[in-house]
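Below you'll find the structure, written out as structure tokens, and then a few comments.
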Number of protein chains: 2
Amino acid sequence: MLSLKQLHYLVVLAQTQHFGRAAELCYVSQPTLSGQIKKLEQQLGARLLESSKPKLLLTPLGHQVVQRAQALITQVRDIELLAGQSIDPLQGKLRLAIIPSLAAYILPVISQVVVQQLPALQVELVELQTHQLIAQLQTGLIDGGLLALPKDTPGLRSVELWVEHFVLAVPATHEWAQRTRIASQDIHDQNLLLLEDGHCLAEQSRRLCGLSDTYNAFKGTSLETLRHMVRMGYGVTLVPQLTQQLWQQQGEQGIKFLSITDPTPGRQLGFLGRQGSAIWPLIKRLNDIAQSVLPYQQQGANVIAFD
Amino acid sequence: MLSLKQLHYLVVLAQTQHFGRAAELCYVSQPTLSGQIKKLEQQLGARLLESSKPKLLLTPLGHQVVQRAQALITQVRDIELLAGQSIDPLQGKLRLAIIPSLAAYILPVISQVVVQQLPALQVELVELQTHQLIAQLQTGLIDGGLLALPKDTPGLRSVELWVEHFVLAVPATHEWAQRTRIASQDIHDQNLLLLEDGHCLAEQSRRLCGLSDTYNAFKGTSLETLRHMVRMGYGVTLVPQLTQQLWQQQGEQGIKFLSITDPTPGRQLGFLGRQGSAIWPLIKRLNDIAQSVLPYQQQGANVIAFD
DNA sequence: TAAGCATTATTGATAAAACCTATTATAAAT
DNA sequence: ATTTATAATAGGTTTTATCAATAATGCTTA
């Protein structure tokens, strides 16, 4: 009988495309993983890896098996969660991911209250970009995500947290520094600083300003980097309103913020979990707690949908 | 990490409600199974079996885990099938079930051709009643079924084989023995012999003749038993047309057959397989072969739907 | 073409685990 | 109270996953 371990090894191997790294991720030695993969092939009576070895390649069957094995692994994880939840729905380990453009400013706001209201819950936090987050959620590597809700998420379910507005951050030396608002269509012809590709905030900013995917400006690795760039006068950028609040609390003087009108852009934040996962009630609970602590329910924003 | 073996043990234990019998079905000793179940509970950190032991009972969590574990086992079986099919789509082991009221006369017709056309296929045959068949298909104990298609089969998919007509079997001494046809509404007031409860043919006969579930006549364990009863003049019964053909080939003299009209009753036969199972093409192939060998495509029958 | 580097396969020893037989404990049935 | 059925425990055996060390392979570079 084939074992879950073998299938897990196979899945990780397919992800890493590398025996050594896969073994490391599985906390076993490379020969162990090699051996088990070989044994799996024997038990199935068919090859999963391509014999020719310019690179590690899966056979067509291999791809299918990996896909099904992934589903299996997540279902096992869900059984474990189910058991954990059965003891006390508000207890246990929860592996939660947050997108980087959200983590920096939303965690200070909600983490305290979560610890306060769910003391028995151990939250394991990771920062992941949207596509990684969804992939890891589907493969069971994480159990929930907090992000700007994408459109289609097969096998997953979401709950809406709130709609966050974007504001325009400009240097204190900027010609608009004394304004308090600006119409969204007037933001053209500015040197718009973006996060690196892959960050959904960058994607959202591009959409808002009608820029192409190839728009080639400075790309910061984090919001903090952008903050410095803006302060030094290299350009302007879009930031979530809570980021403005955080920066101003920290005494930021070099940056002025303009609210955006006609329409006000924003994105729908929410939690994501697996369909059929036992911790869904817990995720909804987290959503309730987070909602109760956010300053006020934003409304009327022009929500930017993206995938 | 919990293992598939443990989950398998749990599923079988839940089915048998008995440690010893479960162990037997899993080809291990009773202490082994006991130990693994206990270990499973430890790993999940929760009880699966009720502590009070008048009878073996599952906790609410236990039921949920069993359900999910069953799904897991089935999916593992499907991976194995997938691998088997990848070598040669027409090769490998196929565990096929047929309902009793069909097996006796359809196997002589199709078995030869199947062996002829799919020599590399090892078919493992079982006779199961409809509800058992569906349950075992869903739990992965069998891979396909040939039966009178029921309405709803969540997680399963079907392909239509043909519509078989029912004919009325009466003793040669019966007042209708010289007739060749009879209207269905005239079958009232006859001593209608049925198969035991659970057989779908019995259910179908009851529906056709408007009998209640509590209709209490002689109940035969097989069609052969009914055959003797009819020949001896104890009553009449409904049989599939292919059964008539088989019995007449065997030189049956004591029974006469009347075709039924207004309307002609029948049932939709077909194959059933799991959604997402890799052997579905093979099942369709079996269906094609069976269809090619059946005498002619029946039409215009009043198909009796049942669940 | 050979040396060097990265990657995977092989080997032999070790430790964990799953397993079995035999036995004991616990309920239920007579 | 005795018997039967059932599950848990104990101790020893076998299997097997595992590791460290090493060899083979393939690709890159000199």
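In this structure, B/Gln30 atom CD and D/dT9 atom P are separated by 11 Å, rounded to whole Å. Whole-Å rounding puts the B/Phe19 CZ to D/dA8 C1' distance at 9 Å. One interatomic measurement links the two molecules: CG of A/Leu40 to P of D/dT16, which rounds to 15 Å at whole-angstrom precision. Put simply, NZ on A/Lys38 is 17 Å from C1' on D/dT16, counting in whole angstrom units. The CD-C1' distance, from A/Glu50 to C/dT7, rounds to 18 Å in whole Å. The separation between A/Met1 atom CE and D/dA17 atom C1' is 18 Å, rounded to whole Å. Between B/Tyr27 atom OH and C/dC20 atom P the separation is 13 Å, expressed in whole Å. Computed from coordinates, the B/Glu41 CD to D/dA7 C1' distance equals 13 Å when rounded to whole Å.
With respect to A/Arg227 and A/Glu224, a salt bridge is recorded, a charged nitrogen being found less than 4.0 Å from a carboxylate O. Between A/Asp143 and A/Arg77, at least one side-chain N (NZ, or NE/NH1/NH2) sits under 4.0 Å from a carboxylate O, which counts as a salt bridge. Contact check on B/Glu124 versus B/Arg95 returns no salt bridge, with no Lys/Arg side-chain nitrogen under 4.0 Å from an Asp/Glu carboxylate oxygen.
Contacts of A/Gln36 with the nucleic acid, taken as non-hydrogen atoms under 4.0 Å apart, involve only primed sugar atoms and P, OP1 or OP2. B/Thr32 comes within 4.0 angstrom of a base, heavy atoms only.
Proximity of B/Lys5 to the phosphate of C/dA17: no side-chain N or O atom is located under 4.0 Å from OP1 or OP2. At D/dA17, one or more side-chain N or O atoms of A/Lys39 fall inside 4.0 Å of OP1 or OP2 (strictly under the cut-off). At D/dT18, none of the side-chain N or O atoms of A/Ser29 fall inside 4.0 Å of OP1 or OP2 (strictly under the cut-off).
Nearest nucleotide to the side chain of A/Pro31, out of C/dA18, D/dT6, C/dA9: C/dA9. Comparing C/dC20, C/dT8, D/dA8 by their closest approach to the side chain of B/Val28 singles out C/dC20.
For B/His18 and B/Gly35, each mapped to the nucleotide of DNA chain D holding its nearest heavy atom, the one lying further toward the 5' end belongs to B/His18. The nearest heavy atom of DNA chain D to B/Leu49 and to A/Leu33 marks one nucleotide each, and the one closer to the 5' end goes with B/Leu49.
Donor-acceptor pairing under 3.5 Å is lacking for the side chains of A/Gln138 and A/Gln70.
More than 12 heavy-atom neighbours from other residues, nucleotides or ligands sit within 6.0 angstrom of CD on A/Gln43.
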